[in-house]
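Everything on this sheet refers to the single structure shown next.
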Amino acid sequence: MNSFLRRCFPHFSALLACAAFSLPAAAAPTLEATIMALDAEAFDAFNHCAEAGRLQQHAAFFAPDVEFYHDQGGVTWSRDAMLANTQKHVCGKFRREIIAGSQRVYPIKDFGAIEQGSHRFCQFDTGSCDGLADFTIIWKQGPAGWQMTRVLSYGHRATQ
């Protein structure tokens, strides 16, 4: 090693070490980002529930005792009942889309989060998006991860 490298190498190594320690650690996702990502994943499975395995993938996002309140369809008191309705009335018929900028997420101390927003429904056969509604989802963070425990879908109206 030439004398220049011998003189500079210890300093260069120290500089690299300092630079590595001063790099910011990867930030944990915010609660809002976490819930929005979970919503997107859950409803991607919902939107493709006619495909093999996707309804079961959608089901994993719901607590077994989920309560689902729908202003036009009534109340379901379990994941199994909700999934039966989804399979009968949704799969292969329409998809859900979030209205951009409508989602809000609020923490629930020592429990999870509240997600609110608006969504619309688009028919697969015609491509028309003719239904709009508001929603509220209660998410619980447990040892196995996040699950929806209460879902409200209300204010169904024609798209303007």
Side-chain angles (χ1 to χ4, degrees), residues 21-160:
F21 285 112
S22 66
L23 292 175
T30 65
L31 178 64
E32 180 179 56
T34 297
I35 296 301
M36 288 183 178
L38 288 165
D39 182 286
E41 191 176 345
F43 286 97
D44 181 61
F46 172 91
N47 290 342
H48 298 95
C49 63
E51 299 171 14
R54 296 303 299 267
L55 186 60
Q56 292 74 22
Q57 184 182 18
H58 180 63
F61 289 93
F62 296 89
D65 61 347
V66 66
E67 294 176 12
F68 184 87
Y69 300 87
H70 192 283
D71 63 350
Q72 295 177 353
V75 180
T76 55
W77 302 100
S78 70
R79 177 173 54 201
D80 291 341
M82 186 199 67
L83 292 173
N85 285 336
T86 300
Q87 187 168 32
K88 180 178 179 181
H89 300 291
V90 175
C91 297
K93 296 178 177 83
F94 65 87
R95 72 181 187 281
R96 172 202 192 236
E97 294 181 353
I98 292 288
I99 302 301
S102 72
Q103 284 172 287
R104 302 285 181 265
V105 176
Y106 306 93
I108 301 174
K109 185 179 183 328
D110 300 325
F111 184 83
I114 299 168
E115 176 190 13
Q116 294 178 311
S118 297
H119 50 202
R120 66 182 183 169
F121 304 95
C122 303
Q123 304 297 317
F124 285 135
D125 58 353
T126 65
S128 68
C129 299
D130 50 10
L132 185 65
D134 300 311
F135 68 91
T136 300
I137 300 172
I138 307 298
W139 290 87
K140 180 179 182 179
Q141 185 178 26
W146 289 90
Q147 286 192 314
M148 294 180 234
T149 61
R150 305 293 178 270
V151 179
L152 293 81
S153 187
Y154 52 92
H156 287 79
R157 57 207 178 268
T159 304
Q160 291 130 11

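Computed from a predicted model, the values in this text were never measured in an experiment.
Rounding to the nearest 0.5 Å gives a distance of 7.0 Å between CE of M148 and CZ of F61. A distance of 7.5 Å separates CG in L152 from CD1 in I138, rounded to the nearest 0.5 Å. Note that NZ of K93 is 7.5 Å distant from SG of C91, once rounded to the nearest 0.5 Å. Taken to the nearest 0.5 Å, the CD atom of Q141 stands 10.5 Å off from the CZ atom of F111. If you take OG on S102 and CD on Q116, they are separated by 10.0 Å, rounding to the nearest 0.5 Å. The CG atom of D80 sits 11.5 Å away from atom CG of N85, with the distance rounded to the nearest 0.5 Å.
Side chain to side chain, E115 and W139 meet the donor-acceptor criterion of an N or O pair below 3.5 Å. Judged by distance alone, the side chains of Y154 and T136 do bring a donor and an acceptor atom under 3.5 Å apart.
With R54 contributing its side chain and A52 its backbone, the two residues share no donor-acceptor pair below 3.5 Å. Of the possible donor and acceptor atoms, one in the side chain of T159 sits under 3.5 Å from a partner among the backbone N and O of G131. Between the side chain of R95 and the backbone N or O of G92 there is no donor-acceptor pair closer than 3.5 Å. Not one N or O on the side chain of D44 forms a donor-acceptor pair closer than 3.5 Å with the backbone of A40. Under a 3.5 Å cut-off, the side chain of S118 and the backbone N or O of D134 do not form any donor-acceptor pair. Of the possible polar contacts, none joining the H156 side chain to the A133 backbone as a donor-acceptor pair under 3.5 Å is found. Judged by distance alone, the side chain of Q147 and the main-chain N or O of F62 form a donor-acceptor pair under 3.5 Å. Within the 3.5 Å criterion, the main-chain N or O of L83 finds no donor-acceptor partner in the side chain of K88.
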Q: Dump the intermediate steps for side-chain contact (heavy atoms from CB on, under 4.5 Å) on D65 and S78, then the final yes or no.
A: CA-CA 5 Å; D65 61 347; S78 70; over 6 Å; no

Q: Decide side-chain contact (heavy atoms from CB on, under 4.5 Å) for V151 and Y69; before the verdict, give the C-alpha distance in whole Å, the side-chain angles of both, and the deciding distance to 0.1 Å.
A: CA-CA 6 Å; V151 179; Y69 300 87; over 6 Å; no

**Q.** Chi angles and distances behind the side-chain contact (heavy atoms from CB on, under 4.5 Å) call for Q123, D130
**A.** CA-CA 8 Å; Q123 304 297 317; D130 50 10; 3.7 Å; yes

**Q.** Worked check of side-chain contact (heavy atoms from CB on, under 4.5 Å) between D39 and I137
**A.** CA-CA 9 Å; D39 182 286; I137 300 172; 3.9 Å; yes

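By the 4.5 Å heavy-atom criterion applied to side chains, R120 and I99 are counted as neighbours. Side-chain atoms of T86 and C49, non-hydrogen and from C-beta on, do get closer than 4.5 Å to each other. Under the 4.5 Å side-chain criterion, counting only non-hydrogen atoms from C-beta, L132 is not in contact with F121. With a 4.5 Å cut-off on side-chain heavy atoms, V105 and I114 do not count as touching. A heavy-atom distance below 4.5 Å is not found between the side chains of I98 and F43. Contact of the W77 side chain with the E67 side chain is registered, since non-hydrogen atoms from C-beta on lie closer than 4.5 Å.
Minimum heavy-atom separation, S128 to T126: OG-OG1, 2.9 Å. Residues E97 and C129 come closest through the heavy atom pair OE1-SG, 4.3 Å. Between F46 and F94, the shortest heavy-atom contact is CZ-CE1, 4.2 Å. Considering every non-hydrogen atom in both Q103 and E32, the closest pair reads O-OE2, 4.4 Å. For A45 against Q57, the heavy-atom pair with the smallest separation is CB-OE1, 3.8 Å. Closest approach of T34 to P29, counting heavy atoms only: OG1-CB, 3.8 Å.
Because its NZ or CZ atom is both nearer than 6.0 Å to the ring centre of F135 and within 45° of the ring axis, R96 counts as a cation-pi partner of that residue.
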